[in-house]
There are 2 protein chains.
Amino acid sequence: MVQRTGSSHRAAPEHTHPDDVPVQTALAALADPVRIALVRELASSADWSRSCGSFDVPVGKAALSHHFTVLRGAGLVEQRDEGPRRVNRLRKEEFDARFPGLLGLVLRGDQ
Amino acid sequence: MVQRTGSSHRAAPEHTHPDDVPVQTALAALADPVRIALVRELASSADWSRSCGSFDVPVGKAALSHHFTVLRGAGLVEQRDEGPRRVNRLRKEEFDARFPGLLGLVLRGDQ
DNA sequence: CCGAGTGTTCGATCCCTGTTGAACACTCTG
DNA sequence: CAGAGTGTTCAACAGGGATCGAACACTCGG
């Protein structure tokens, strides 16, 4: 069996590199409880191991899809299609190179 | 003549120490163009040298007053009454101790 | 004591963002 | 090819935040 992981007929999600993200956009993306939860949960998981629906947040899938769009637009998350689901990866290195320390502040989690 | 600087009959503004500020609040406070402008302009001025009305932002004084309330609530700004006006100080050290690097990211100003 | 200057508060408005349910699109399995 | 699972898009809605003008409070200088 061939592993066609990554070559779907679906439109690939649009990504924004952290280098192209204004500070204000990055801050706004992280100034939301649901997205903070997503980023934290994502940080404590292996890359590409979590599909969008696998997160423990109290919102429907429509809102969830919206939040991932925001995270992508802020250069925080990279997504890839794997069969029927869309798996995620936190862009730690790239984002930290652009905004040193910012991600760390959010992940610290001391309120 | 006596310098009564600081002892007015006006209610002193309520301040929040950065240590008591949640990350989300700090991020939300900085995720606004007007407040970013205020913080930047404040950073390039001497402490207590700027009154609220002396900032170059395109909003009326009602909105301006609101923004300073938000900045105080995020532990970013300290205010003191000097006669008829309220002068400001950016809480660089305290805020940076609580959120290392965050203020620096905003002050960098590379979009 | 009056007036100018400064800042806050209040009410109203507007817009943006987060949310939902429903419909749709795509993938894989039987 | 039907159906289950996953995620996006759409229209609609609600809530919050930013904004303004007006009224008010306070300080200082004539």
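We name chains A, B, ... by the order of the sequence lines, and we start the count at 1 in each one.
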| message | Surrounding CZ of R40(A) (heavy atoms of other residues, nucleotides or ligands, distance under 6.0 Å), is the total greater than 12? | response | yes
| note | Whole-Å distance, R10(A) CZ to dC28(C) C1', equals 11 Å
| task | Please report, rounded to the nearest Å, how far the C1' atom of dG7(D) is from the CG atom of D81(A). | result | 9 Å
| request: Starting from C1' on dT8(D), measure out to CD on E14(A) and report it in whole angstrom. | output: 13 Å
| Pick the nucleotide of DNA chain C nearest each of A62(A) and P84(B); which residue has the one closer to the 5' end? | P84(B)
| task | Using a 4.5 Å cut-off on heavy atoms from C-beta on, say whether the side chain of L38(B) contacts that of F68(B). | result | yes
| To the nearest angstrom, how far is K61(B) atom NZ from dA4(C) atom P? | 14 Å
| query | For T69(B), what residues pass the side-chain contact (heavy atoms from CB on, under 4.5 Å) criterion, not counting sequence neighbours? | reply | R72(B)
| note | note: Q79(A), atom CD; dC26(C), atom C1'; distance rounded to Å ~ 15 Å
Acceptor/donor pairs from residues 13-28 of chain B side chains to any protein atom, 3.5 angstrom cut, sequence neighbours excluded:
residue, atom, partner, partner atom, Å
H15(B), ND1, P13(B), O, 3.2
H15(B), NE2, Q79(B), N, 2.8
H17(B), ND1, D19(B), N, 3.0

| Mind checking what makes side-chain contact (heavy atoms from CB on, under 4.5 Å) contact with S65(A), not counting sequence neighbours? | none
| D32(B) CG to dA18(D) P: how many Å, rounded? | 5 Å
| message | Side chain of V59(A), heavy atoms from C-beta onward: which of dT6(C), dT8(D), dT19(C) has the nearest atom to it? | response | dT19(C)
| message | Could you work out, with side-chain contact (heavy atoms from CB on, under 4.5 Å) as the rule, every residue matching D47(B), not counting sequence neighbours? | response | R89(B), K92(B)
| query | Side-chain N or O of R35(A) less than 4.0 angstrom from OP1 or OP2 on dG18(C)? | reply | yes
| query | Taking DNA chain C as the partner, which of residues 45-56 of chain A come within under 4.0 angstrom of it by heavy atom? | reply | none
| query | Given that H66(B) and A63(A) both sit by DNA chain D, which one's nearest nucleotide is further toward the 5' end? | reply | A63(A)
| The side chain of H67(B) lies closest to which of these nucleotides: dT6(C), dG7(D), dA18(D)? | dA18(D)
| remark: When rounded to whole Å, the CD to C1' distance for the pair E82(A) and dG7(D) reads 15 Å
| message | Which Ile, Leu, Val, Met, Phe, Trp or Tyr residues join W48(A) in one cluster when any pair of side-chain heavy atoms under 4.5 Å counts as a link? | response | V87(A)
| task | Ignoring backbone atoms, establish whether R86(A) has a side-chain N or O less than 4.0 Å from OP1 or OP2 of dT8(D). | result | yes
| task | Can you tell me the distance, in whole Å, between the CG atom of L38(A) and the C1' atom of dG7(D)? | result | 14 Å
